[in-house]
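Notes follow once the structure below has been shown.
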Amino acid sequence: MHIVIVNRWPRFTDGVRWDHELTRYEEFVDHTAHQVSYVVDPAGATGVRAAREQIAAQVVVADISSFDEVSAAVATVVDEVGRPVDRILTLSEFTLDTVARVRQAHGIPGPTPEDVAVYRNKVRMKEMLAAAGLRTPRFAPCEDVEQTVSFARSCGYPVIVKPVDGAGSIGVHRVADEEELRALWAGQSLHGSEIEEFISGTVHHVDGFADADGKVVFQVVSRYLNDCLSFQNGTPLGSVVMQSSALRDRIEDFARDCVGALDMRGMPFHLELFVTPAQELVFLEVAGRVGGSEVPYVIHKLFGVNLFELWLRHLSGDPLPAVAPKDGDPSGGWLIMPKPQHLPAEVVTSSSMRASVNSVWRELVPAQGQVLEASGGYDSLQSGRFIVVHDSESGAEADMRRLMADFRIELAGHPQSAPAQ
């Protein structure tokens, strides 16, 4: 079988950064049983660790989200290897759509753009779940100014406007009133966005894997501390793994129902939902990929399950490794201290928290002289990143709250600065 891996993620050799260490293509895709080629951008090239003699072909592109560039790269790979591609796979949400289109254009088996839309298009996924009788926010695609204004009047302000295929709360707006909604339209086209009802409640996320039959074979429920939208505005973001409770049981059942209604098969999922003050469960959105930030590392540490391994084994046609029942009921979580608004900024001093918070398993704190840049997602160099491991949910949360309160970083031009809380 000829397999093409499309990769945009770096891996690091400094012994400090753990980003993407679980995406071990060289281990989870058999490079001796298959011919394996890579299409990468410059950063993604550092994530290719297979021996050169085990790589059938490798093409570097400038923009790995570009259909034209990736499609041309696949054609080059086919010419170099001398055989068509049997499977093409990618793990990043930002390349799922592109790879689906390339798959279709080159006649490669696998998820089509229509298949991918189920877990990429926020309107499509809510349509399917609402049809299955599962609670979602009221929603509508943004067609024009008057249509969105009419929708907002029908459900009341505030409302949320977001790209239908966005991720990481990029481009998400909480709109307070009609004047603000009209101004948003005046400043940009909202075609390709959706408008939805604002739901009050605590946001939770469920991360797991559905096998080829759609059965959820593993899942972990976590509760956000703050939320992704607030993080974009300078508030720390984290989540704590929930321990056994009636609420956790309800959330797990709800996640299974959502995954089943969307017919998600042979893939990981990162599902977000609200728990309202009345304890109602309301779907927020789902992604057909492994959760971002520190989610996979927390899960691997606590439960010994590498969701990337499950996905890559399935994508390359190999049997899934057995997923053992969860051993015990541990907790833990992750926390990101955001960058300041004015970037780039040079680090003057920053504080390690290992000595003062014993549950810290991993931390990434920038060193003196390092520069925080405006680019990068949750797993870029932030003001601080922490993973905690604890035997109780309440203890993990208390330690994460302490990290929020006590962590300090000083940046040039921002004396005595600490991220907003």
Side-chain angles (χ1 to χ4, degrees), residues 119-206 221-239 247 250-251 254-255 257-258 261-262 270-287 291-292 338 378 420-421:
Y119 45 88
R120 284 287 290 142
N121 186 304
K122 294 174 177 36
V123 170
R124 178 65 180 137
M125 66 180 68
K126 289 194 203 53
E127 288 174 342
M128 294 178 68
L129 292 176
L134 294 163
R135 174 74 164 99
T136 74
R138 286 177 284 174
F139 65 96
C142 292
E143 298 172 356
D144 56 51
V145 177
E146 297 308 321
Q147 172 260 341
T148 53
V149 167
S150 176
F151 173 88
R153 287 173 178 170
S154 72
C155 68
Y157 289 93
V159 292
I160 299 294
V161 176
K162 63 176 75 170
V164 297
D165 58 355
S169 291
I170 299 169
V172 177
H173 302 273
R174 174 175 169 168
V175 181
D177 52 37
E178 184 170 321
E179 180 181 3
E180 189 175 330
L181 182 56
R182 291 185 180 275
L184 187 61
W185 263 108
Q188 65 186 87
S189 171
L190 296 181
H191 293 115
S193 297
E194 68 151 355
I195 183 169
E196 67 181 39
E197 170 190 13
F198 178 81
I199 302 291
S200 295
T202 304
V203 184
H204 293 62
H205 61 90
V206 187
V221 180
S222 303
R223 172 171 46 87
Y224 276 115
L225 306 182
N226 302 325
D227 60 72
C228 299
L229 182 55
S230 298
F231 179 76
Q232 301 299 325
N233 298 319
T235 300
L237 174 66
S239 75
L247 177 59
R250 289 180 57 216
I251 291 172
F254 183 79
D257 290 343
C258 290
L262 295 172
H270 174 73
L271 184 148
E272 297 182 340
L273 69 148
F274 299 98
V275 178
T276 72
Q279 298 293 287
E280 181 185 20
L281 306 185
V282 183
F283 175 84
L284 173 55
E285 60 189 46
V286 70
Y378 296 134
Q421 296 178 33

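Please read these numbers as outputs of a predicted model, since none were measured by experiment. Numbering of residues begins at 1 and proceeds along the displayed sequence. Hydrogens, waters and symmetry mates play no part in the numbers below; they use all other heavy atoms, side chains included.
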Non-hydrogen side-chain atoms of T148 and L190 separated by less than 4.5 Å: no

SB check E285 K126 (cutoff 4.0 Å): no

Donor on one side chain, acceptor on other, Y224 and E272, under 3.5 Å: yes

Pairing residues for H270 by the ring-ring contact (aromatic ring centres under 6.0 Å, His included) criterion, not counting sequence neighbours: H205

side-chain hydrogen bond (donor to acceptor under 3.5 Å, both in side chains) partners of R174, counting only residues at least two apart: none

Residue pair V172, V161: steps toward the side chain to side chain contact (heavy atoms under 4.5 Å, CB included) verdict: CA-CA 6 Å; V172 177; V161 176; over 6 Å; no

E179 CD: over 12 foreign heavy atoms closer than 6.0 Å: no

Distance in Å, L271 CG paired with F254 CZ, rounded so as to fall on 0.5 Å steps: 7.0 Å

Inter-residue atom distance Q279.CD - L247.CG, 0.5 Å rounding: 5.5 Å

Closest heavy-atom pair and its distance - I195, A152: CD1-CB, 4.3 Å

Residues in side-chain contact (heavy atoms from CB on, under 4.5 Å) contact with V123, at least two apart in sequence or another chain: N121, E127, F139, P141, V164, E194

For D177 against E180, the heavy-atom pair lying closest together: OD1-N, 2.8 Å

Between OG on residue S200 and CZ on residue F274, distance to nearest 0.5 Å: 9.0 Å

Derivation and outcome, side chain to side chain contact (heavy atoms under 4.5 Å, CB included), residues L225 and L237: CA-CA 6 Å; L225 306 182; L237 174 66; over 6 Å; no

Minimum heavy-atom distance H173-G171, with the two atoms named: CD2-O, 3.2 Å

Exercise: identify the closest heavy-atom pair between F283 and P137: O-CD, 2.9 Å

Side-chain (S150) to main-chain (Q147) donor-acceptor, under 3.5 angstrom: no

Test log, rule side chain to side chain contact (heavy atoms under 4.5 Å, CB included), inputs I160 and V175: CA-CA 6 Å; I160 299 294; V175 181; over 6 Å; no

side-chain contact (heavy atoms from CB on, under 4.5 Å) partners of D165, counting only residues at least two apart: R120, P163

Between CG on residue L281 and NE2 on residue H204, distance to nearest 0.5 Å: 8.5 Å

T276 and V282, any side-chain heavy atoms less than 4.5 Å apart: yes

Distance-minimising heavy-atom pair for V221 and I251: CG1-CG2, 3.7 Å

From M125 atom CE to L134 atom CG, the distance as rounded to the nearest 0.5 Å: 13.5 Å

Heavy-atom pair of closest approach, residues L181 and Y157: CD2-OH, 3.8 Å

Non-neighbouring partners of R250 that pass salt bridge (Lys or Arg N to Asp or Glu O under 4.0 Å), sequence neighbours left out: none

Of all pairs that satisfy salt bridge (Lys or Arg N to Asp or Glu O under 4.0 Å), the ones with a partner from residues 140-152, not counting sequence neighbours: E146-R182

Audit row: E196, R138, salt bridge (charged side-chain N to carboxylate O under 4.0 Å, His left out) steps and yes/no: CA-CA 6 Å; E196 67 181 39; R138 286 177 284 174; over 6 Å; no

Approximate separation, where rounding is to 0.5 Å, of K122 NZ and T136 OG1: 13.5 Å

